[in-house]
Amino acid sequence: MVSIKLRAELAGGLASALLTLPLSIGFGLFALSPLGERYAGYGVLAGLYSAVIVALVAVLLRANSAVVFAPRSMQAYLISMVALHLVESETYAQLQDPQQVLTVIFFVIFLSGIMQAAFGAIGMGNMVKYIPFPVIAGFQNAGAILLLLSQIAPMLGLTRHLEPGMLLQQLQQTQPLTLLIGAVTCFLMLYAGLFTKRIPAVIVGMFAGIGLYYLFHYLGYGASLGPFIGELNFAMPDLHYLSGFYAFVDERQWWNLLPTLFAWAASLALISSLDVLLCAKVMEGVTQQRQDHNLSLVRLGLGNLVAAGFGGISGAISLSSSQANYSSGGRSAYSVLINALLILAAVLFCSQLIALIPKVVVAGMLFVTAWRLFDRWSAQLLRRLVAAGPRNRASLLLDLFVIVLVTLVAVFASLITAVAIGMLVSVFSFLFRMSKSVIRRSARGDVLRSRKTREPRLMQLLVEHGQRIVVFELEGAVFFGTAEKLIHQIETAVKDGATAVIVDLKRVTDIDSTGVRFLVQAHDAMVKQGRFLLLSSVEESSRLGQFLRDMGAVAALSKGRVFVDLDQALEWAEDHLILSELGDIELGAEFPFGQLDLFAGLDTAKIEAVRGLLSRRVYARGETVFREGDPGQQLFVIAKGEASARIHPAGATRDIRLVTFSPGTVFGEVALLDTEVRSASVQADEELVCYVLEQEAFQQLAASHPSIALTLLRNLGRELSNRLRRANRVIYQMDN
């Protein structure tokens, strides 16, 4: 068993390292690209150092999950903005050599790491629960767009970024062969899985692009190709940048620069922290492992300040690498450690080979990464908006508006402004939708029961095991602020042994897309554990039912686990619990006559005496046994099938089920005793076989065998008492 787990961790670490290595190179190049070509080698090493050092620090600080740490597009973009501002500032002329320039960049990263750790220490990680999913989606889409835009120039073979004022002139310098290499790299990264499953697509795309580049170079087209990474100024990583950090604080000539550096660091820390929290939330849905978000910020903050001292850029949670790690078998910190050590080995022993990687290949890989970074839920929202009913379009339009707004502001203005606007819209949404506590009450199946009566053996089983059924009755609005607590309660119930969780939406006033998404994620997590999530009080034609359908929740759970009322959901959960405990319990067979609870305490001779007074009747599925208001003087004992008692209140649109009777139970006993008209209608739910005791036959039995009649009355009294006790428990539970 240990060897199997170790192989899985090795496979996860190797798969994630193969993906992390080229992405770290690309993001390192991207981060320092405003400084010019002479800094390309530093950028490559900065990205690789980050992937190694941040991961090692996180593991040393007891991070124990499949989450992989590496540079990300958002951090790389922010660092590139810092580099660009530095180049355009007056301070840049005072910097004497590349080492001083890099010291400024890494000092900003060092400060941001301190701030990021401080954010976690003061509990800012808890803010993630207040971030609605549309803001997350817009933020993610902005990062994808920014990464795509940054890679257009190397994809076209241009030596500098595209500038709007010189767009046509620059496009005329496009190198077709370079573009072809980039396109081949992208295509194989996307579709190599159709041809081979044994080799990761990222490796196929990377080596195919490199091979095609050097094939053209060999054929004499080198002048028509974009550059490769170039010489790496490799040295064993050390903390020599720390002395430069100290100089900024100690030497008076740099004091005028400190406010600017602190401002840059604060922006980087704030956005990086938000990005970490969003990524952690996404990975929780993949790994089903809940994370301490504050501790995650502390780990990454400390990792980033250590990485800066060694000359590395900021690192964060790499979604693509983490997903590759988890899907390949990685489940713990061992896979993350293996990932970091493999990248370190590549830096130590393969630096000259890394220097020969064409930039267009890296750009192609980042192009695909950016494409996959786009939030798929945003596209699904557009499709659902087209298909949604008019009553749900306003809510869907609001979510789509927030996504587009956050994306556009982040791309064309400021990431901080985008997040602030998104959160502001969310606050107004919160105030508009907020109502009472979302969880009105919770109950377990050993107290709260369906209206289906069963034979005593099965009722006792529900008493003993019914706590495995948990009901959450919701009240108010289910949205991004309240759904988090609901999901936590569901997870706690599952940990406590619940096999079926029913979420009753009868008193829900509103539900947004984030609330629905959380419910679907909870369902997916429970299915993986062999558990079930059921929704009740969902009418298909209601606004709530249509919204759940439009958001894909009904399809995700299946219609068989979405019920019009709580009673039917409870019956489904009880039936499933009984089947899981007793198997099929001889479904379809008639209940043994001598084991009917009505005859408890009678010997064989007395049972046969009663049997001669009973008539056997068979009812087809859907056939009415008797109607509400009919005269009734018969008692029915079910031997096979089920029947339900229903009433139709004035003004109601459908019948209300009072109770369902299963094999071994009786109904109609009240009319037998008081000779009044029937108080409800009874209909066969399936083929029904009953033994019927007429009042005249009962009077005959009382005259000829008074002891038998007394025993039957005592058994009927016990059954009525049990039903009354169950009703009292339900009423008590509903009032608390």
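Since the structure is predicted, the reported quantities are computational estimates derived from the model, not experimental observations.
Note on residues 209-221: no pairs pass side chain to side chain donor-acceptor pair (under 3.5 Å), not counting sequence neighbours.
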Report the C-alpha separation of Thr185 and Val360 in whole Å, then their side-chain angles, then the decisive distance to 0.1 Å, and conclude whether the side chain to side chain contact (heavy atoms under 4.5 Å, CB included) test is met.
CA-CA 9 Å; Thr185 303; Val360 65; over 6 Å; no
In sequence, state the C-alpha distance, the side-chain angles, and the governing distance for Leu277 and Leu297, and then conclude on side chain to side chain contact (heavy atoms under 4.5 Å, CB included).
CA-CA 8 Å; Leu277 297 177; Leu297 286 181; 4.2 Å; yes
Checking Met81 against Trp264 for the side chain to side chain contact (heavy atoms under 4.5 Å, CB included) test, could you report, in this order, the C-alpha distance in whole Å, the side-chain angles of both residues, the deciding distance, and whether it holds?
CA-CA 9 Å; Met81 291 296 98; Trp264 291 345; over 6 Å; no
Run the ring-ring contact (aromatic ring centres under 6.0 Å, His included) check on Phe106 and Tyr241 step by step: do they pass?
CA-CA 8 Å; Phe106 295 136; Tyr241 284 102; 4.9 Å; yes
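Residues Leu188 and Ala208 approach most closely at CD1-CB, 3.2 Å, considering heavy atoms. Heavy-atom minimum distance, Ala40 versus Lys359: CB-NZ, 4.0 Å. Between Gly13 and Ile338, the closest heavy-atom pair is CA-CG2, 4.0 Å. Contact record, Ala17 with Ile343: CB-CG1, 4.3 Å, taken as the closest heavy-atom pair. Scanning both residues, Met155 and Ala183, for their nearest heavy atoms gives CE-N, 4.2 Å. Across Ala265 and Val108, no two heavy atoms sit closer than the pair CB-O, 3.5 Å.
Looking at Ser335, its side chain does come within 3.5 Å of a backbone N or O of Ser332 through a donor-acceptor pair. Ser16 places no side-chain N or O within donor-acceptor distance of the main-chain N or O of Asn339, the cut-off being under 3.5 Å. Put simply, the side chain of Gln175 gets close to the backbone of Gly226: a donor and an acceptor are under 3.5 Å apart.
At a threshold of 4.5 Å between non-hydrogen side-chain atoms, the residues Val104 and Val82 do not count as touching. The closest side-chain heavy-atom distance from Ile25 to Leu48 is below 4.5 Å. Counting heavy atoms from C-beta on, the side chains of Val204 and Phe195 never come closer than 4.5 Å. You'll find the side chain of Val276 reaches within 4.5 Å of the side chain of Gln116, heavy atoms only. Within the 4.5 Å cutoff, the side chain of Ile145 has heavy atoms near those of the Leu149 side chain. Within the 4.5 Å cutoff, the side chain of Leu268 has heavy atoms near those of the Ser314 side chain. Residues Val52 and Phe310 are not in side-chain contact: their nearest non-hydrogen atoms beyond the backbone lie 4.5 Å or more apart. For the pair Leu102/Leu32, a side-chain contact is recorded, criterion being any heavy-atom separation below 4.5 Å from C-beta on.
Atom CD1 of Ile354 and atom CG of Leu45 lie 8.0 Å apart (nearest 0.5 Å). Atom CZ of residue Arg72 and atom CG of residue Leu23 lie 11.0 Å apart, to the nearest 0.5 angstrom. With rounding to the nearest 0.5 Å, the separation of CG in Asn304 from OG in Ser50 is 6.5 Å. The line from OG of Ser322 to CZ of Phe69 is 7.5 Å long, rounded to the nearest 0.5 Å. Taking CG from Leu344 and CG from Leu56, the interatomic distance works out to 7.5 Å, rounded to the nearest 0.5 Å. The structure places CG of Leu180 at 10.0 Å from CG of Leu225, a figure rounded to the nearest 0.5 Å.
Here Leu302 pairs with Val57, Leu61, Ala117, Val298, Leu305 under the side-chain contact (heavy atoms from CB on, under 4.5 Å) rule; sequence neighbours left out. The side chain to side chain donor-acceptor pair (under 3.5 Å) check on Gln323 picks up nothing, with sequence neighbours excluded. The ring-ring contact (aromatic ring centres under 6.0 Å, His included) check on Phe245 picks up Phe107, Phe110, with sequence neighbours excluded. For Phe262, there are no ring-ring contact (aromatic ring centres under 6.0 Å, His included) partners at least two apart in sequence or on another chain.
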Kindly list each side-chain donor-acceptor pair under 3.5 angstrom involving residues 405-413, sequence neighbours excluded, with atom names and distances?
| unit_1 | atom_1 | unit_2 | atom_2 | d |
| --- | --- | --- | --- | --- |
| Thr407 | OG1 | Gly138 | O | 3.2 |
| Thr407 | OG1 | Ile403 | O | 2.8 |

